[in-house]
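Values reported hereafter were calculated over all heavy atoms of this structure, with side chains retained and with hydrogens, waters and symmetry mates removed. FYI, the numbering just counts along the sequence from 1. Numbering of ligands and ligand atoms starts at 1, following listing order.
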Amino acid sequence: MPVNYSGTWNMISNVNFDGYMVAIDIDFATRKLAGMLKTQKVIDQDGDLFTMKTVSTFRNYHCSFNIGEEFEEVTKGLDNRKCKSVVNWDGDRIVCVQKGEKRNRGWTHWVKGDHLYLELCCEGQVCQQIFKKNP
Ligand code: ECB
């Protein structure tokens with residue numbers, strides 16, 4: 001059975017989010033606020049077409065893409081940068097490369113049981129987030 005990312009996933013852990021936010025130049029006050037959030041991922045996967053909504057009480061972030069197709073990403077409400085982004089399968093994982101001003105920027109998702117994993121990278125920082133599926 002191929003993996004299906006669709007669903008609503010609730011954050012249960014968030015390691016080195018502050019380091020990631022420093023790497024993308026988020027100011028101190030915003031980092032303190034953002035660091036408190038338990039975000040939710042709402043993912044809709046239709047074949048190779050994905051819609052990902054990152055939802056919180058503070059801000060939301062929306063991103064849609066087709067696997068293998070480069071798109072212009074504006075990280076609106078995050079660091080507001082433009083990236084040329086592309087997401088590809090790596091086995092059952094989905095790997096995004098975000099080409100732009102910041103080196104080594106991107107993320108990887110994978111699913112294990114009812115947990116969704118996310119690693120967010122920028123420069124030398126890696127943030128690891130885990131979400132549990134809403135039953
Ligand atoms: C949108 C919820 C977090 C709001 C935090 C607000 C301000 C802090 C500014 C920047 C923080 C940097 C990133 C926030 C972390 C996650 C948001 C989505 C990151 C992302 O690229 O998600 C991908 C992979 O799940 C799908 O777009």
Side-chain angles (χ1 to χ4, degrees):
M1 267 286 275
V3 67
N4 183 10
Y5 286 85
S6 294
T8 297
W9 307 83
N10 301 311
M11 179 181 276
I12 55 169
S13 76
N14 193 5
V15 174
N16 196 38
F17 187 40
D18 198 64
Y20 175 78
M21 288 193 285
V22 169
I24 60 171
D25 308 310
I26 304 302
D27 68 82
F28 180 86
T30 307
R31 290 205 315 273
K32 292 304 129 186
L33 231 164
M36 308 275 291
L37 302 171
K38 290 272 179 274
T39 60
Q40 213 177 37
K41 286 281 175 198
V42 181
I43 301 178
D44 182 70
Q45 180 188 351
D46 179 7
D48 275 359
L49 172 63
F50 283 78
T51 298
M52 292 192 171
K53 291 175 189 152
T54 308
V55 178
S56 80
T57 52
F58 178 42
R59 285 178 198 165
N60 302 322
Y61 183 66
H62 176 273
C63 188
S64 289
F65 53 85
N66 266 297
I67 296 290
E69 289 178 18
E70 190 175 78
F71 62 102
E72 296 270 351
E73 182 174 15
V74 181
T75 58
K76 193 171 183 287
L78 306 177
D79 60 328
N80 298 302
R81 283 190 171 87
K82 284 186 185 164
C83 301
K84 287 203 186 296
S85 301
V86 65
V87 185
N88 280 294
W89 290 108
D90 172 15
D92 283 345
R93 298 185 178 214
I94 47 175
V95 180
C96 178
V97 176
Q98 295 169 310
K99 251 189 303 172
E101 186 186 336
K102 292 288 180 182
R103 298 301 99 210
N104 188 39
R105 183 169 185 169
W107 51 258
T108 299
H109 267 298
W110 66 98
V111 169
K112 212 174 166 182
D114 61 351
H115 288 73
L116 171 74
Y117 294 81
L118 171 62
E119 273 186 9
L120 293 157
C121 303
C122 185
E123 309 279 358
Q125 297 296 318
V126 182
C127 166
Q128 289 153 320
Q129 302 186 338
I130 306 175
F131 302 80
K132 193 176 190 317
K133 195 164 192 171
N134 237 6

Which protein N or O atoms sit under 3.5 Å from any N or O of ligand 1? Give atom names and distances.
{"unit_1": "ligand 1", "atom_1": "22 (O)", "unit_2": "K41", "atom_2": "NZ", "d": "3.1"}
{"unit_1": "ligand 1", "atom_1": "25 (O)", "unit_2": "K41", "atom_2": "NZ", "d": "2.5"}
{"unit_1": "ligand 1", "atom_1": "25 (O)", "unit_2": "H109", "atom_2": "NE2", "d": "2.7"}

(message) Distance alone, cut at 3.5 Å: any donor-acceptor contact between the side chains of W9 and D114?
(response) no
(request) Check the side chains of T54 and T39 for a donor-acceptor pair under 3.5 angstrom, ignoring hydrogens and angles. (result) no
(request) Taking all heavy atoms of L78 and all of I26, pick out the closest pair and write down the distance. (result) O-CD1, 3.6 Å
(message) Give me each pair satisfying salt bridge (charged side-chain N to carboxylate O under 4.0 Å, His left out) with a member in residues 70-79, each pair once, sequence neighbours excluded.
(response) E70-K99, E72-K84, D79-R81, D79-R105
(request) Apply salt bridge (charged side-chain N to carboxylate O under 4.0 Å, His left out) to K41 and list each qualifying residue two or more places apart in sequence or on a separate chain. (result) none
Residues 115-125 side chain polar contacts: donor-acceptor under 3.5 Å, at least two apart:
{"unit_1": "E119", "atom_1": "OE2", "unit_2": "Q128", "atom_2": "NE2", "d": "3.4"}
{"unit_1": "E123", "atom_1": "OE2", "unit_2": "R103", "atom_2": "N", "d": "3.3"}
{"unit_1": "Q125", "atom_1": "OE1", "unit_2": "N16", "atom_2": "ND2", "d": "2.8"}

